[in-house]
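Have a look at the structure below, then the notes.
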Number of protein chains: 2
Amino acid sequence: MSDLLERLRERGWRITAQRRVVAEVLDGDHVHLTADEVHARATARLPEISRATVYNTLGEMVTIGEVIEVATDGRAKRYDPNAHHPHQHLVCSRCGTVRDVRPTGDPLAALPADERFGFTVSAAEVTYRGLCPDCV
Amino acid sequence: MSDLLERLRERGWRITAQRRVVAEVLDGDHVHLTADEVHARATARLPEISRATVYNTLGEMVTIGEVIEVATDGRAKRYDPNAHHPHQHLVCSRCGTVRDVRPTGDPLAALPADERFGFTVSAAEVTYRGLCPDCV
DNA sequence: CTCTTGACTTAGACAATGTCCAGTGTAGGA
DNA sequence: TCCTACACTGGACATTGTCTAAGTCAAGAG
Ligand SMILES: [Mn+2]
Ligand SMILES: [Mn+2]
Ligand SMILES: [Zn+2]
Ligand SMILES: [Zn+2]
């Protein structure tokens with residue numbers, strides 16, 4: 001995710017060890033970690049990084065659109081580095097595994113005008129639920 | 001929601017003033033209250049009802065399928081008495097208003113087999129976001 | 001109708017997640 | 001190398017939800 005760090009730098013943000021580690025920890029496909037999971041992994045590389053910094057850095061990455069917040073359950077929000085390819089989520093009801101998926105068509109198109117109640121509708125988030133292969 | 005109370009009774013549950021008040025407070029269309037909002041309204045009718053009882057009663061109603069839990073943001077879960085008609089949600093990004101909506105077709109049909117990663121997919125929850133008429 | 005009893009309710013402690021602040025440290029330009 | 005505005009830290013605090021021990025009461029039995 002050096003790309004992400006470069007974008008931060010271009011915005012005039014200082015590149016610190018903490019921000020670098022958070023970006024590294026969040027790299028990969030189908031990554032959807034909670035803030036505390038990011039903190040635990042970051043601590044392994046940079047022992048004294050604080051919870052506040054992890055929350056701050058994740059929040060900043062969300063603000064600039066490089067990371068997406070995903071709330072698939074009523075628990076902790078998850079942070080998703082796959083911000084440049086619109087996608088939806090498939091969640092295992094038993095173990096919580098999250099996969100990125102791309103449904104066909106635009107989900108917004110399924111909501112007819114007479115079901116919009118005068119809203120200006122701009123986005124649709126879909127969470128598919130089921131059991132993953134490991135959970136039968 | 002005397003219907004709901006009757007179902008509780010049929011399951012051998014005692015009908016108490018607390019359960020009656022929670023059921024009454026949750027009655028209506030497009031109702032999506034948080035547990036604390038339910039508690040505040042219930043307190044107006046039954047001053048000493050406790051938070052624990054509100055949480056317990058809502059959880060019981062969810063368990064028997066008479067109420068649905070809705071998590072449209074990363075904040076408090078909302079409780080929805082419209083449990084017998086499958087529907088999705090339209091949320092105002094500014095004021096948080098939630099409306100029940102019925103998209104056309106089955107949302108599950110939009111997820112092709114090669115995007116299911118071997119999961120047994122059983123449900124899809126859609127949250128539409130936009131601005132309500134009052135929020136321009 | 002009254003009694004009995006096990007289910008229900010309560011208050012408050014505790015847990016999980018997230019926010020905020022004052023004091024300290026440092027990245028990066030001058 | 002030095003300065004200083006910005007970032008980081010530890011901890012207090014806020015919100016949302018769970019749990020438990022002790023008191024209360026709904027509803028069936030007699
Ligand atoms: Mn994702
Ligand atoms: Mn609803
Ligand atoms: Zn699983
Ligand atoms: Zn609105």
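All figures in this text were calculated on a predicted structure; none of them were measured in a lab. Sequence lines set the chain letters: A, B, ... in the order given, protein chains first and strands last, and positions in each chain run from 1.
Contact annotation for B:A52: base contact, defined as any heavy-atom pair under 4.0 Å involving a base atom.
For the pair B:Y55 and D:dT18, the criterion of a side-chain N or O lying under 4.0 Å from OP1 or OP2 is not met.
Using a 4.5 Å heavy-atom cutoff, the side chains of B:D80 and B:H89 are in contact. Between A:L33 and A:L26 the shortest side-chain heavy-atom distance falls below 4.5 Å.
Looking at which nucleotide of DNA chain D each of B:R75 and B:N56 is closest to, the 5′-most match is held by B:R75. Both B:L46 and B:R51 lie near DNA chain C, and the one whose nearest nucleotide falls closer to the 5' end is B:L46.
In this structure, a donor-acceptor pair under 3.5 Å is absent between the side chains of B:H32 and B:H30. Side-chain contact, A:H85 with A:D100: no donor N or O sits under 3.5 Å from an acceptor N or O.
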Can you name the atoms? Protein N/O to nucleotides 22-30 of chain D N/O, anything below 3.5 Å, with the distance.
| unit_1 | atom_1 | unit_2 | atom_2 | d |
| --- | --- | --- | --- | --- |
| D:dA27 | OP1 | B:I15 | N | 3.1 |

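Separating the NE2 atom of B:H39 from the C1' atom of D:dT15 is a distance of 15 Å, rounded to the nearest angstrom. Atom-to-atom, CD of B:E37 to P of D:dT15 comes out at 14 Å; the value is rounded to the nearest Å.
Under a 3.5 Å cut-off, the side chain of A:H39 and the backbone N or O of A:I49 do form a donor-acceptor pair. Looking at A:E66, its side chain never comes within 3.5 Å of a backbone N or O of A:L4 through a donor-acceptor pair. A distance-only check finds no donor-acceptor pair linking the side chain of A:R20 to the backbone of A:L5 [under 3.5 Å].
Ionic pairing of A:E6 and A:R9 is present here: one or more N-O contacts between side-chain nitrogen and carboxylate oxygen are shorter than 4.0 angstrom.
Nucleotides of DNA chain C lying under 4.0 Å from heavy atoms of chain B occupy a range whose first and last members, 5' to 3', are C:dG6 to C:dA11.
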